[in-house]
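The structure appears below as structure tokens.
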Amino acid sequence: MPLVKLEGVSVSFSAAPLLDDVTFQIDPGERIALVGLNGAGKSTLMKLVSNELHVDHGQVWQDPAIRVAQLPQMLPAADERRVYDVVAEGLSEVLALREAFDALSHQTDAASLQKMEHLQHQLEARDGWHLEQQVQTVLDKLGLKAETRMAELSGGWRRRAALGAALVQKPDLLLLDEPTNHLDIETIEWLEQMMLEFRGAILFVSHDRALVEKLATRIVELDRGTLTSFPGSYNRYLELKAQLLEEEARQNAEFDKKLAQEERWIRQGIKARRTRNEGRVRALEQMRRERSQRRERQSSATFGLEEAQKSGKLVAELEQVSMQYAGKPLLRDFSMKVQRGDRIGLIGPNGSGKSTLLKIILGQLEPDAGQVKLGTKLEVAYFDQLRGQLDPEKSVIDNVSGGRESVEINGQSKHIIGYLQDFLFSPERARTPVKALSGGECNRLLLARLFSQPANVLVLDEPTNDLDIETLELLEEILLNFDGTILLVSHDRRFLDNVVTSSVVFEGEGQVREYVGGYQDWLRQRPVKVAPVHGKPASKTVDVKPVKKASKKLSYKLQRELDQLPEQLEHAEAALEALQAQVAAPEFYAGDHENVAATLEKLHQQEQHLETLMERWVELEAMQDGS
């Protein structure tokens, strides 16, 4: 039985409907990724599912017993509220029932007693008498401390608190709108695991292709008012979508060719018009109506990049650079050389020092220790994730043109209106104040401003937030064809893999290392990360060194144990991966409850077993080294 079902639904806010006679349903246990271009109507569909919006035509049906919870796109405020209170807000309805019950508890009249009985049944149905225990259980699961103030938390931990407010409701359906925006990779991976373990259904909107690939059991695309379902992975969706577009183009071409032939026939001379077939005329009129009603696919961005003359071969060289902030080490004896043509990704948690390193590389900040040598002929263009380069009161045109009527892109002059249309700004939208733009439009405007400046060094700080997938892919293509140097800060793992040639990773305590390749390459080369204990978000990284030749300090028994540990670790990791894949399957939680519980307990024990093996390896190596 479906949780939610839309039948023949249409919604329109303008001439072209956002939803045009669509039918759609969500079944228990599904994890559905909703994809589509910016402005296609994804948020509108989410609001229909959550009953926040009424349809123009059609019906929206919900299971009467369903519980729907949402993880908002915006982070909770960094205020003085306790984390406990933020999570408890998810049970505000239950709390209101309890307060109403307590208010009536001193009344003895028949009407009050009848109301109390009704409230009691509602509270028992929602387990309202154990509200405090429900909140504490979620806090423990997410690793949150009840008394911590929201102002003390990073964005990632505030996102956890918001998720807690949703999970404490024990929803059957969880709605997520861009859940990974402004989160670092570590928090994104934690969120992925939480969603894989969630027992209800999930409908989520995300432009994070790695997240969609890992989570989604089905892709649903909203395109020109129509919903199309693609079972399977994101990569499979791309293949099927390409086939559909190719077939659509073929059919449109055949239709247009036939229409052109009929138009030529109707315009023949008087003799032909006297003898023309009236049925053929009516068919032509129908074809004209059909062609006029065709909704063309929204144009994709088509921007190009203005390149400056080449910089010197050396862009920057850092030797033994150290930097602290508020007593916290950000860089410790870090050395690297940036050469012309390098595409370097900076990876690390929020607040780890990525922006600080960028400023040091560009000569905007002096390190506490070490030497920095800058190259010659550097022309830098900087993409700011905080959008501080945009004047919210000025129009889109004024923010890009600087008083110019045209911009020059690689030797070709282009009118400012035409240039902005390449970034999907219509002439009307180009005259709109920046303060009225959406997040995706602001990011496209920043790219338009950035790419109109001659540059041989691009510094991109979180350029992918709020961009739809097609624009992301075009940006990747532009960057790959750029001959200059790129310094990229991003938490989009697929974007890093597709763009960068090396990664600078912040590994904590001021340790920063450079690795060849992108994010997946780093995963293969990095120190081993101990699997998190089930239900606890925190995990620790153990820098496992290669086993050295046996020392006389180890006994025969201990040396034999150390020699056997690599194989044991390999088997333990393989067993853990198999269990994780089993739990991640869409049908897992639909199975027998006892089998589900037993498998989760087995997963928990396997995670603990792997951590124990890791700790024993480190312990024996320390003994071998005499430390």
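With T217 contributing its side chain and E30 its backbone, the two residues share no donor-acceptor pair below 3.5 Å. Looking at K354, its side chain never comes within 3.5 Å of a backbone N or O of V489 through a donor-acceptor pair. Within the 3.5 Å criterion, the main-chain N or O of E213 finds no donor-acceptor partner in the side chain of S233. Using a distance-only test at 3.5 Å, with no hydrogens or angles considered, no donor-acceptor pair links the side chain of D177 to the main chain of V205. Looking at D56, its side chain does come within 3.5 Å of a backbone N or O of S12 through a donor-acceptor pair. Panel note: side chain E477, backbone E473; no donor-acceptor pair is recorded below 3.5 Å. Checking side-chain atoms of E462 against main-chain N and O of D492 turns up no donor-acceptor pair under 3.5 Å. E80 contributes no side-chain N or O that, together with a main-chain N or O of R149, makes up a donor-acceptor pair within less than 3.5 Å. At distances below 3.5 Å, not a single donor-acceptor pair connects side-chain atoms of E393 with backbone N or O atoms of P433.
Looking only at side-chain heavy atoms (C-beta outward), V4 and F24 stay at 4.5 Å or farther from each other. Here the side chains of L3 and Q62 are not in contact, with every heavy-atom distance at 4.5 Å or above. Contact of the L222 side chain with the V35 side chain is not registered, since no non-hydrogen atoms from C-beta on lie closer than 4.5 Å. Looking only at side-chain heavy atoms (C-beta outward), V86 and M150 come within less than 4.5 Å of each other. Counting only heavy atoms from C-beta outward, the side chains of L447 and F423 approach each other to under 4.5 Å. You'll find the side chain of I66 reaches within 4.5 Å of the side chain of V68, heavy atoms only. In this structure, S10 and D21 have side chains that are in contact, with non-hydrogen atoms separated by less than 4.5 Å. Side-chain contact between D63 and D172: absent, with no pair of heavy atoms (C-beta onward) separated by less than 4.5 Å.
Within 6.0 Å of CD on Q520 lie more than 12 heavy atoms contributed by other residues, nucleotides or ligands.
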Side chain to side chain contact (heavy atoms under 4.5 Å, CB included) between R82 and T148, worked out = CA-CA 6 Å; R82 298 183 307 159; T148 304; over 6 Å; no

Starting from the C-alpha separation in whole Å, work towards a yes-or-no answer on side chain to side chain contact (heavy atoms under 4.5 Å, CB included) for L139 and Y84.
-> CA-CA 8 Å; L139 290 173; Y84 180 95; 3.8 Å; yes

Going through the checks in order, is the side chain to side chain contact (heavy atoms under 4.5 Å, CB included) test met by I26 and I32?
-> CA-CA 8 Å; I26 303 174; I32 303 173; 4.0 Å; yes

Trace of the side chain to side chain contact (heavy atoms under 4.5 Å, CB included) decision for M195 with L163 | CA-CA 10 Å; M195 294 303 96; L163 180 61; 3.9 Å; yes

Let me see the working for D223 and K241 under salt bridge (charged side-chain N to carboxylate O under 4.0 Å, His left out), right down to the final yes or no.
-> CA-CA 11 Å; D223 180 19; K241 180 62 178 176; 3.4 Å; yes

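Shown here for T180 and S206, the closest heavy-atom pair between the two residues is OG1-OG, 4.2 Å. The two residues H609 and A572 come nearest to each other via the heavy atoms CD2-CB, 4.1 Å. Here the shortest heavy-atom pairing between R31 and L215 reads NE-O, 2.7 Å. Closest approach of D184 and P349 over heavy atoms only: OD2-CA, 3.4 Å. Scanning both residues, V55 and V11, for their nearest heavy atoms gives CA-CG2, 4.1 Å. Minimum interatomic distance between K214 and L196 (heavy atoms only, all atoms of both residues): CE-CD1, 3.9 Å.
Taking CG from L496 and OG from S490, the interatomic distance works out to 4.5 Å, rounded to the nearest 0.5 Å. L173 contributes atom CG, which lies 6.5 Å from atom CG of L203 (distance to the nearest 0.5 angstrom). Rounded to the nearest 0.5 angstrom, L488 CG and I347 CD1 are separated by 9.0 Å. In this structure, the separation between CZ on R493 and CG on L523 is 9.0 Å, given to the nearest 0.5 Å. Once rounded to the nearest 0.5 Å, the distance linking CG of L175 with CD1 of I202 reads 10.0 Å. Remark: Q70 CD to K47 NZ distance equals 9.5 Å, nearest 0.5 Å.
Between E476 and R494, no side-chain nitrogen of the basic residue sits less than 4.0 Å from a carboxylate oxygen of the acidic one, so the salt-bridge criterion is not met. Contact check on E152 versus R158 returns no salt bridge, with no Lys/Arg side-chain nitrogen under 4.0 Å from an Asp/Glu carboxylate oxygen.
Checked by atom type, the side-chain pair Q136/D140 shows a donor-acceptor distance below 3.5 Å. With 3.5 Å as the limit, one finds no donor-acceptor pair spanning the side chains of E428 and S426. Looking at Q193 and E197, their side chains do bring a donor and an acceptor atom within 3.5 Å of each other. In summary, the side chains of Y237 and E221 do present a donor paired with an acceptor at a separation below 3.5 Å, with no hydrogens or angles considered. For the residue pair T187/R159, the side-chain donor-acceptor check at 3.5 Å is not satisfied.
For the pairing with L45, the side-chain contact (heavy atoms from CB on, under 4.5 Å) check across L19, L18, V9 returns one residue only, L19.
The side-chain tip of R209 does not point at the ring of Y234 from less than 6.0 angstrom away and within 45° of straight on.
E7 is linked by a salt bridge (charged side-chain N to carboxylate O under 4.0 Å, His left out) to K5, counting only residues two or more places apart in sequence or in another chain.
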